[in-house]
Amino acid sequence: MSSIRTRFAPSPTGYLHVGGARTALYCYLFARQSGGDFILRVEDTDEERSTEDSMRMQLADLQWLGYEYQEGVDAKTLRDRGLFGPYRQSQRRSIYREHADRLLKEGKAYYCFLTDEEIERQREEAVRAGRPHQVVSPYRDWSLTDAEKKMAEGDVKPTVRFRVPDLTREYAFHDLVRGEVKFPSDMVGDFVLLRSGGMPVYNFCCVIDDALMKISHVLRAEEHLSNTLRQLMIYEAFGWAPPQFGHLSIILGPDRQKLSKRHGATSVNEYRERGYLPEALSNFIALLGWSSPKSQEILSMQELVEQFSLDRLHPAAAVFDEAKLKWVNSQHLRALPHDELWHQVEPFLVRAGLKLPEDAGWRDRSLQVFKTSMEVLSDAVELYRPLAKLPLQLNDEARDTLKWPSSRGVIEEWRAQLQLCGSAAYLSEAEFSAIQDKVKTNRGVKGKDLFMPIRVAIVGRPHGAELKILVPLIEKSTLIERADQVLAL
RNA sequence: GUCCCCAUCGUCUAGAGGCCUAGGACAACUCCCUUUCACGGAGUAGACCGGGGUUCGAAUCCCCGUGGGGACGCCA
């Protein structure tokens with residue numbers, strides 16, 4: 001039994017999409033759990049749209065997600081790693097050329113001199129006649145020598161087309177997620193293998209690379225399902241055994257249309273910036289089309305590796321629901337050890353310009369208070385803002401609270417009591433409670449009328465975490481400054 | 001238009017002919033906890049696309065519709 005080898009083959013024409021990430025994840029999980037190899041191949045044969053920048057970004061995203069591959073283009077050095085390289089299709093042109101020549105020689109492909117205009121004319125005609133459009137090339141039956149003669153004569157740049165065996169037969173294969181799938185062989189016309197510039201086309205290099213790289217399982221998006229027919233034909237032409245295919249359902253936006261930019265964030269990069277943890281994103285996308293046999297909803301990477309299986313892949317398209325992603329993220333967030341959580345949160349705090357105590361104990365206590373209030377890392381910014389040495393930003397609700405008849409008196413009393421209390425930099429929980437009691441008796445105010453104005457004078461808003469936990473995290477001098485700030489309004 | 005794929009609560013899904021008066025999770029709502037907001041806990045509501053078969057019995061199998069998606073490129 002040969003070993004399991006999966007591959008993820010993105011084309012570097014933009015950011016890594018969550019759909020692509022899910023494909024990569026499944027390939028990674030499947031290879032890892034079976035002790036096989038996961039290969040990363042770059043499909044950059046579209047010269048117009050492929051950029052090295054995109055490639056770099058996508059590799060970085062994959063790295064952030066933690067989907068390590070045994071072979072492929074290294075994310076850091078951009079160099080090939082592995083025995084079956086090069087792993088960038090643009091660097092494999094001679095390989096494709098050789099294989100195309102072989103098909104040409106065997107009469108399984110031919111040079112086609114059809115121009116774009118002629119093809120367009122054919123298409124229009126087909127549409128008018130209401131029949132499916134398939135290229136019918138007059139060069140289909142030319143001999144190789146005739147074609148070569150024509151090429152030698154003039155400045156013509158032909159494409160190389162696959163000569164589809166015009167049999168009326170069915171191509172069938174067993175799809176890992178859909179079961180038996182059959183295609184009639186007349187579903188496609190002769191298709192291009194090599195463009196006129198010599199650059200090969202997706203269906204061609206895909207087959208050659210998967211075969212040469214000894215890929216055992218091809219998991220890819222559903223939109224490639226009908227490409228499988230062409231690929232099967234190519235495998236057959238070379239006499240190669242095709243790999244196992246599994247076509248994953250696509251990911252939809254809330255309106256049940258294919259997820260795209262207009263639905264909001266679609267790239268993993270955006271989710272990273274919004275404060276999602278990589279393992280939470282992975283957990284969530286894993287569940288879009290796969291379910292744990294234990295019906296577990298929150299899974300670590302390790303658990304995903306252990307529990308993943310092809311037979312639990314769901315064939316129907318799934319809607320990407322950010323509300324659930326948030327929940328999954330919140331669960332992963334609170335499961336993180338505090339030092340790791342701080343490490344994740346800190347960049348968001350720094351970017352927001354918040355200066356906070358360096359002290360590890362302080363960080364630990366603050367996370368204890370806040371971690372259950374965070375869904376995404378960026379939530380930390382608003383949570384921590386009141387703890388930074390900054391003037392308060394009052395919201396409307398806070399201003400309303402200050403208009404209550406007793407509010408001003410309460411804050412004046414709170415400030416006075418603060419002044420009276422010890423010289424330590426921070427208030428203890430007990431000291432705060434004692435002060436609060438004094439304000440209560442001295443002013444004869446209780447309940448909301450008591451603690452809401454105080455809260456406004458502390459954090460700038462009437463709602464939030466419990467004061468006796470919050471106050472010991474804020475320097476006393478800051479508390480006094482803030483009371484003054486509010487009283488000055 | 002032709003071919004292919006898909007179809008269970010609003011969403012993600014469990015379900016491989018009787019275990020289903022269809023289970024779980026997110027979201028929603030209610031209550032409890034709480035001197036606020038969250039967290040947490042307990043509940044409520046909510047689905048087998050329609051029609052025909054097959055079968056003693058169908059969410060599960062078959063057919064036909066319908067709906068959605070994909071492909072039909074010198075894109076991938």
Side-chain angles (χ1 to χ4, degrees), chain A residues 9-13 20 43-50 89 112 114-116 119-120 123 126-127 129-135 157-161 175 177-179 181-184 186-189 191-203 205-206 220-230 247 249-250 252 254 256-258 284 287-298 311-312 314-328 330 334 369-375 383 401 436 440 446-452 455 461-467:
Chain A
S11 42
T13 56
E43 308 217 322
D44 55 351
T45 54
D46 184 346
E47 292 173 294
E48 308 265 290
R49 301 194 302 146
S50 299
Q89 292 184 330
C112 174
L114 231 33
T115 62
D116 284 347
I119 292 172
E120 188 51 37
R123 188 198 323 282
V127 169
R131 57 183 159 77
H133 173 250
Q134 281 178 5
V135 170
K157 284 190 176 162
T159 58
V160 174
R161 275 185 196 276
D175 190 275
V177 353
R178 279 151 223 281
V181 180
K182 295 176 198 159
F183 301 104
D186 61 2
M187 188 172 132
V188 294
F191 52 93
V192 170
L193 259 24
L194 254 38
R195 292 179 247 241
S196 51
M199 190 57 108
V201 122
Y202 167 75
N203 281 303
C205 15
C206 183
R220 50 153 62 141
E222 191 187 350
E223 59 240 44
H224 292 296
L225 187 55
S226 45
N227 280 326
T228 308
L229 171 60
R230 294 183 181 80
H247 290 90
S249 62
I250 47 171
L252 270 21
R256 300 213 134 259
Q257 302 286 307
K258 191 173 174 180
F284 174 72
L287 261 18
L288 250 31
W290 175 83
S291 59
S292 149
K294 299 179 185 170
S295 45
Q296 208 175 317
E297 301 277 339
I298 300 300
D311 59 1
R312 295 189 69 84
H314 192 75
V319 172
F320 191 96
D321 177 19
E322 193 166 348
K324 184 152 183 181
L325 204 212
K326 275 198 171 144
W327 174 77
V328 171
S330 73
R334 60 184 72 174
V369 180
F370 290 144
K371 70 172 173 185
T372 51
S373 318
M374 282 190 263
E375 287 189 307
L383 257 14
T401 306
Q436 205 178 22
K440 184 172 166 183
K446 59 179 175 156
K448 281 167 91 166
D449 290 335
L450 173 68
F451 67 84
M452 286 216 171
R455 186 190 298 280
R461 49 197 56 194
H463 299 291
E466 220 179 329
L467 284 178

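First the proteins, then the strands, lettered A, B, ... as listed; each starts at 1.
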In whole angstrom, give the distance that lies between atom [atom1] of [X] and atom [atom2] of [N].
X: A:Asp175; N: B:C5; atom1: CG; atom2: P; result: 10 Å
X: A:Asn203; N: B:C74; atom1: CG; atom2: P; result: 11 Å
X: A:Gln296; N: B:C26; atom1: CD; atom2: P; result: 14 Å
X: A:Asp449; N: B:U36; atom1: CG; atom2: P; result: 14 Å
X: A:Lys182; N: B:C3; atom1: NZ; atom2: P; result: 15 Å
X: A:His463; N: B:U34; atom1: NE2; atom2: P; result: 19 Å
X: A:Arg49; N: B:C74; atom1: CZ; atom2: C1'; result: 14 Å

**Report entry** Under the salt bridge (charged side-chain N to carboxylate O under 4.0 Å, His left out) test, residues paired with A:Arg123 that sit two or more places apart
**Finding:**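 Counting only residues at least two positions away or on another chain, A:Arg123 forms a salt bridge (charged side-chain N to carboxylate O under 4.0 Å, His left out) with A:Glu120.
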
**Report entry** A:Asp46 with A:Arg49: basic N within carboxylate O range, under 4.0 Å
**Finding:**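 Looking at A:Arg49 together with A:Asp46, the answer is yes, because their closest N to O distance falls below 4.0 Å.
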
Below 3.5 Å between N/O atoms, which protein atoms pair up with nucleotides 38-40 of chain B? Just atom names and distances, please.
residue, atom, partner, partner atom, Å
B:C39, O3', A:Arg334, NH1, 3.1
B:G40, OP1, A:Arg334, NH1, 3.2

Query raised in the report: Is there a Watson-Crick or G-U wobble partner for B:U34 with both distances under 3.5 Å, and which nucleotide is it?
Result: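 When the pairing criteria are applied, nothing turns out to pair with B:U34, so the answer is none.
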
Report summary line: Checking N1-N3 plus N6-O4 or O6-N4 for Watson-Crick, or N1-O2 and O6-N3 for wobble, each under 3.5 Å, the partner of B:C26 is B:G10

Query raised in the report: Would you find a donor on one side and an acceptor on the other, under 3.5 Å apart, between the side chain of A:Gln134 and the backbone of A:Met187?
Result: yes

Query - A:Arg220 (side chain) donor-acceptor with A:Leu225 (main chain) under 3.5 angstrom - result: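 Flag not set: sc A:Arg220 to bb A:Leu225 has no pair under 3.5 Å.
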
Say you pick atom [atom1] in [N] and the same atom in [M]; how far apart are they, in whole Å?
N: B:C4; M: B:U54; atom1: C1'; answer: 27 Å
N: B:A38; M: B:G15; atom1: C1'; answer: 36 Å
N: B:C62; M: B:U55; atom1: C1'; answer: 12 Å
N: B:A22; M: B:C5; atom1: P; answer: 32 Å
N: B:C48; M: B:A59; atom1: P; answer: 11 Å
N: B:A28; M: B:U66; atom1: C1'; answer: 30 Å
N: B:G57; M: B:C64; atom1: P; answer: 23 Å
N: B:C63; M: B:G1; atom1: C1'; answer: 24 Å

**Report entry** Residue-phosphate contact under 4.0 Å: A:Ser295 side-chain N/O, B:G23 OP1/OP2
**Finding:**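 For A:Ser295, the contact criterion (side-chain N or O under 4.0 Å from OP1 or OP2 of B:G23) is not met.
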
Query raised in the report: Under 4.0 Å between a side-chain N/O of A:Gln257 and OP1 or OP2 of B:G68, yes or no?
Result: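 Checking B:G68 against A:Gln257, no side-chain N or O comes under 4.0 Å of OP1 or OP2.
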
List every contact pair, protein side and nucleotides 30-33 of chain B side both N or O, where the distance is under 3.5 Å.
none

Query raised in the report: From the list B:A7, B:C74, B:U35, which nucleotide is the closest neighbour of the side chain of A:Pro315?
Result: B:A7

Requested in this report: Report yes or no: do A:Arg312 and A:Ser291 form a side-chain donor-acceptor pair below 3.5 Å?
Outcome: yes

Give me, pair by pair, the N or O atoms of the protein and of nucleotides 70-72 of chain B that are less than 3.5 Å apart, along with how far apart they are.
residue, atom, partner, partner atom, Å
B:A71, O4', A:Ser226, OG, 3.1
B:A71, O2', A:Ser226, OG, 3.0
B:C72, O2', A:His133, O, 3.2

Using nucleotides 58-61 of chain B, report all nitrogen or oxygen pairs with the protein that are shorter than 3.5 Å.
none

Set out, line by line, the N/O atom pairs under 3.5 Å between protein and nucleotides 9-14 of chain B.
residue, atom, partner, partner atom, Å
B:C12, OP1, A:Arg256, NH2, 3.4
B:C12, OP1, A:Val319, N, 2.8
B:C12, O2', A:Leu287, O, 2.8
B:U13, OP1, A:Gly289, N, 2.6
B:A14, OP1, A:Ser291, OG, 3.3
B:A14, OP2, A:His314, ND1, 3.0

